[in-house]
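Scroll down for the structure; my scribbles are underneath it.
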2 protein chains.
Amino acid sequence: MHQINKITIKDVAREAGCGVATASRVLNNSGPASAQVREKVEKAAHDLGFSFSAIGRALQSNKSMTVGCIVPSLVNPVFAEAVQGVQSVLLGSGYQLLIASSNYEAKADEELIENLLSKGVDGLLATVASPSLSNALKLAKTRNIPISLMFHDPLDGFSTAYVDNFEAAREVARQFAHYQHRKTGFLTLRFSSSDRSRNRYAGFHAECKALGLNDPILIELSEADANMPQKLALVLEGYSDLTAIFASNDFLAIAIQKAMRLLNKRVPHDLSVIGFDGIEIGRLLEVPLATIETDPDKMGQQAAKTLLKKIQGEVGEQQPSLPFKFRTGATIAPPRANSHDDDQVAPRSPSIHLTKRLLNKG
Amino acid sequence: MHQINKITIKDVAREAGCGVATASRVLNNSGPASAQVREKVEKAAHDLGFSFSAIGRALQSNKSMTVGCIVPSLVNPVFAEAVQGVQSVLLGSGYQLLIASSNYEAKADEELIENLLSKGVDGLLATVASPSLSNALKLAKTRNIPISLMFHDPLDGFSTAYVDNFEAAREVARQFAHYQHRKTGFLTLRFSSSDRSRNRYAGFHAECKALGLNDPILIELSEADANMPQKLALVLEGYSDLTAIFASNDFLAIAIQKAMRLLNKRVPHDLSVIGFDGIEIGRLLEVPLATIETDPDKMGQQAAKTLLKKIQGEVGEQQPSLPFKFRTGATIAPPRANSHDDDQVAPRSPSIHLTKRLLNKG
DNA sequence: TTGTAAGCGTTATCAT
DNA sequence: ATGATAACGCTTACAA
């Protein structure tokens with residue numbers, strides 16, 4: 001019951017009273033044709049509502065005019081913007097995007113890429129758990145399918161569009177140092193499966209060390225911790241000696257602010273926070289978020305441009321890392337003079353009591 | 001230089017020393033085969049690293065195992081979540097998603113859908129400027145390609161997954177009425193090209209009328225207005241008699257809060273605000289956003305499920321509208337007693353002066 | 001149980 | 001300038 005009415009080039013040729021080759025030539029402007037027959041073919045195609053089958057074309061030309069793109073998530077605005085950037089570049093190019101999101105699962109990465117390959121994509125844009133361990137990416141290379149990575153640091157044999165997470169994280173350490181913080185933490189989700197997060201921590205750690213700060217505490221959250229401010233508050237309570245936290249992304253940073261409010265504490269008075277990504281909403285907050293600004297849209301654009309070059313047989317060499325910028329905000333300030341000046345309005349309830357209260361809420 | 005190494009089923013057959021039909025039957029478990037040859041074929045396929053070409057299959061079976069999806073934007077979290085919902089449903093189904101975003105442009109809608117059709121998608125998920133005016137959608141129907149709309153109100157001949165924008169907007173009016181507001185506004189982007197926005201305004205307007213409030217003022221913003229709090233502030237200044245604004249989405253609502261801060265006014269003291277969508281971040285704000293909560297993820301899921309049913313030849317009947325819920329927040333309160341109690345700390349500068357100051361900033 | 005061959009829609013080659 | 005035909009990778013009659 002599906003697909004009635006499929007008009008093929010044969011139909012057009014028959015209607016126009018010519019051979020299929022002629023019809024093809026006319027419709028593609030790919031060869032000679034008398035004005036006579038040209039007219040007839042065009043009329044026939046129009047009358048019949050003909051449009052080419054990309055599948056037939058793909059089979060014959062070995063080009064699908066499709067680019068595959070795999071990202072961990074589309075809900076994360078960082079990736080969504082990157083994809084948007086990709087789209088904007090592809091728009092005029094004749095290529096279309098086949099998008100898949102892995103939900104941050106390495107296994108899904110593999111399956112989806114294989115699927116993309118079987119669909120004959122002409123190129124691959126990817127942000128995966130681990131490019132170097134991906135057999136599917138290896139397979140793509142074997143088949144000589146152009147690949148551009150996004151968000152990943154440069155890696156042997158791949159080209160990538162990225163910000164230098166390590167360097168950006170060093171800047172965060174410098175900012176904290178500048179504000180006299182010594183006891184810092186790094187808050188992240190999925191530390192083990194995100195090279196971005198690991199690189200950020202590494203850079204942060206290295207620069208803290210270099211500047212003589214304490215080693216930053218690594219705090220890895222579960223999905224649930226991150227999504228429920230109450231739970232996050234409980235976690236943060238356990239680290240009340242820290243005066244500053246570097247959040248691996250802006251959402252976490254915003255969640256921290258919320259959690260601190262639940263604890264009757266204030267940002268930046270009781271805890272300074274710096275985020276990462278520079279999402280737009282950070283600017284609109286009552287307490288504008290200090291963060292590392294990046295440009296995922298541009299990242300997507302760069303990756304897509306490089307990929308197109310490669311597809312067209314050009315070199316598509318590795319571009320330098322994209323710029324980042326520290327955007328200051330009201331979430332960072334010097335630490336309180338010292339822990340004894342509890343002149344806060346809200347009394348600090350004993351931890352265990354507070355914990356119960358919070359749990360009952362959640 | 002591309003696509004070296006393409007292993008086809010012919011190669012497998014040759015390597016296994018059998019005919020292609022046999023290889024196909026083995027690899028698909030679609031017919032008889034001796035244990036002997038079965039083994040050989042499997043080994044050959046494995047050794048050669050064979051994988052099927054979806055293109056070849058699509059051409060022969062007239063099924064691409066691909067579903068096309070068109071949304072106005074992926075950066076808008078509402079659509080991103082819907083797409084995520086779609087993906088989650090499609091995940092186990094064998095169908096893959098071909099995504100396109102139109103950037104809210106009706107012309108792009110048409111082109112992209114046609115492109116999708118030429119790629120032989122087996123079904124279409126769409127959120128477009130105007131389903132009823134879309135020739136491309138008409139074409140899809142002509143070809144008997146199943147379609148599910150998302151976000152659109154029910155429309156003759158289409159099935160859709162949606163929330164009842166009209167009803168939801170009435171609830172907003174009721175809330176404002178309950179808090180004694182009489183002078184309200186409706187703030188939106190792209191009023192003319194978004195049926196959602198129009199339906200929301202219609203419902204809001206109708207219920208305001210029914211409850212005896214003033215007719216709500218329709219305020220349509222340009223992209224620039226919405227993205228720059230300073231500009232938005234200028235706009236809002238022009239409507240200082242309003243005591244409550246219904247923002248067509250949560251981002252606008254958050255932007256209003258920011259703009260009011262720039263004007264040295266406060267939400268909800270000087271202006272009550274209710275948003276739409278219920279994005280997560282609204283909860284995390286210092287002043288949690290009152291809004292209409294919807295579930296775009298579920299919307300995507302429903303649309304995808306219905307579409308799959310249709311593709312498989314089942315009925316896929318229209319589902320009822322998805323539920324929405326008013327989520328109260330700190331952005332709504334009764335209007336100030338009256339305009340003369342200017343006991344604010346910040347003096348209200350004369351409009352013209354303020355305007356200049358703001359413009360210099362932006 | 002197995003293999004040969006037709007056909008899906010297109011384009012390129014090669015005669016005419 | 002035009003048209004017949006092979007080829008792309010696959011599945012499915014059909015024949016053996």
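All chains are named by letter (A, B, ...) in the order of the sequence lines, taking the proteins before the strands, and each is independently numbered beginning at 1.
- For A/Arg25, the salt bridge (charged side-chain N to carboxylate O under 4.0 Å, His left out) test picks out no residue, with sequence neighbours left out.
- Legend: salt bridge (Lys or Arg N to Asp or Glu O under 4.0 Å) pairs involving residues 10-19 of chain B, not counting sequence neighbours, sorted by first then second residue: B/Asp11-B/Arg14.
- Take A/Tyr162 and apply the ring-ring contact (aromatic ring centres under 6.0 Å, His included) test, not counting sequence neighbours, and it matches no residue.
- One axis for each end of the helix from C/dT1-D/dA16 to C/dT16-D/dA1, each built from five base pairs, and the angle between them comes to 50° at 10° resolution.
- For the OP1/OP2 pair of C/dC8 and a distance below 4.0 Å, the side-chain nitrogens and oxygens of B/Lys63 include no atom meeting the criterion.
- The side-chain contact (heavy atoms from CB on, under 4.5 Å) test applied to B/Ser130 returns B/Ser132, B/Leu133, not counting sequence neighbours.
- Each side-chain hydrogen bond (donor to acceptor under 3.5 Å, both in side chains) pair with one or both residues in residues 65-87 of chain B, not counting sequence neighbours, appears once here: B/Asn76-B/Tyr104.
- Atom P of nucleotide C/dT10 and atom CZ of A/Arg14 are separated by 13 Å, given to the nearest angstrom.
- When rounded to the nearest whole Å, the span between CG of B/Asn62 and C1' of D/dC10 equals 13 Å.
- Look at CD1 on B/Ile55: it is 10 Å from P on D/dG9, rounded to the nearest Å.
- Whole-Å rounding puts the B/Asn28 CG to D/dA13 P distance at 14 Å.
- For B/Lys43, the salt bridge (charged side-chain N to carboxylate O under 4.0 Å, His left out) criterion is met by B/Asp47, not counting sequence neighbours.
- Checked against side-chain contact (heavy atoms from CB on, under 4.5 Å), B/Glu39 has no partners two or more places apart in sequence or in another chain.
- Of the residues in residues 40-48 of chain B, none has a non-hydrogen atom less than 4.0 angstrom from any atom of DNA chain C.
- Applying the salt bridge (charged side-chain N to carboxylate O under 4.0 Å, His left out) criterion to A/Arg57, with sequence neighbours excluded, gives no partner residue.
- A cation-pi arrangement is not found for B/Lys6 relative to B/Phe50, the charged atom failing to lie both closer than 6.0 Å to the ring centre and inside a 45° cone about the ring normal.
- Between C/dT11 and A/Ser24, a contact under 4.0 Å exists linking OP1 or OP2 to a side-chain N or O.
- Note: NZ (A/Lys6) to C1' (C/dG7) measures 15 Å, nearest angstrom.
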Pull out every protein N or O sitting under 3.5 Å from an N or O of nucleotides 2-6 of chain D, one pair per line with the distance.
residue: D/dT2; atom: OP1; partner: A/Ser34; partner atom: OG; Å: 2.7
residue: D/dT2; atom: OP2; partner: A/Ser34; partner atom: N; Å: 2.5
residue: D/dT2; atom: OP2; partner: A/Ser34; partner atom: OG; Å: 3.2
residue: D/dG3; atom: OP2; partner: A/Gly19; partner atom: N; Å: 2.9
residue: D/dG3; atom: OP2; partner: A/Thr22; partner atom: OG1; Å: 2.6
residue: D/dG3; atom: N7; partner: A/Arg25; partner atom: NH2; Å: 2.7
residue: D/dG3; atom: O6; partner: A/Arg25; partner atom: NH1; Å: 2.9

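- Rounded to whole angstrom, the span from the CD1 atom of B/Ile7 across to the P atom of D/dC10 amounts to 10 Å.
- For the residue pair B/Lys310 and B/Ser159, a side-chain donor N or O sits within less than 3.5 Å of a side-chain acceptor on the partner.
- Listed by chain and residue number, nothing satisfies the salt bridge (charged side-chain N to carboxylate O under 4.0 Å, His left out) test with B/Glu314 (two or more places apart in sequence, or in another chain).
- If you take NZ of B/Lys10 and C1' of C/dA6, they are 13 Å apart, rounded to a whole angstrom.
- Distance CG (A/Leu59) to C1' (C/dG7): 12 Å, rounded to an integer number of Å.
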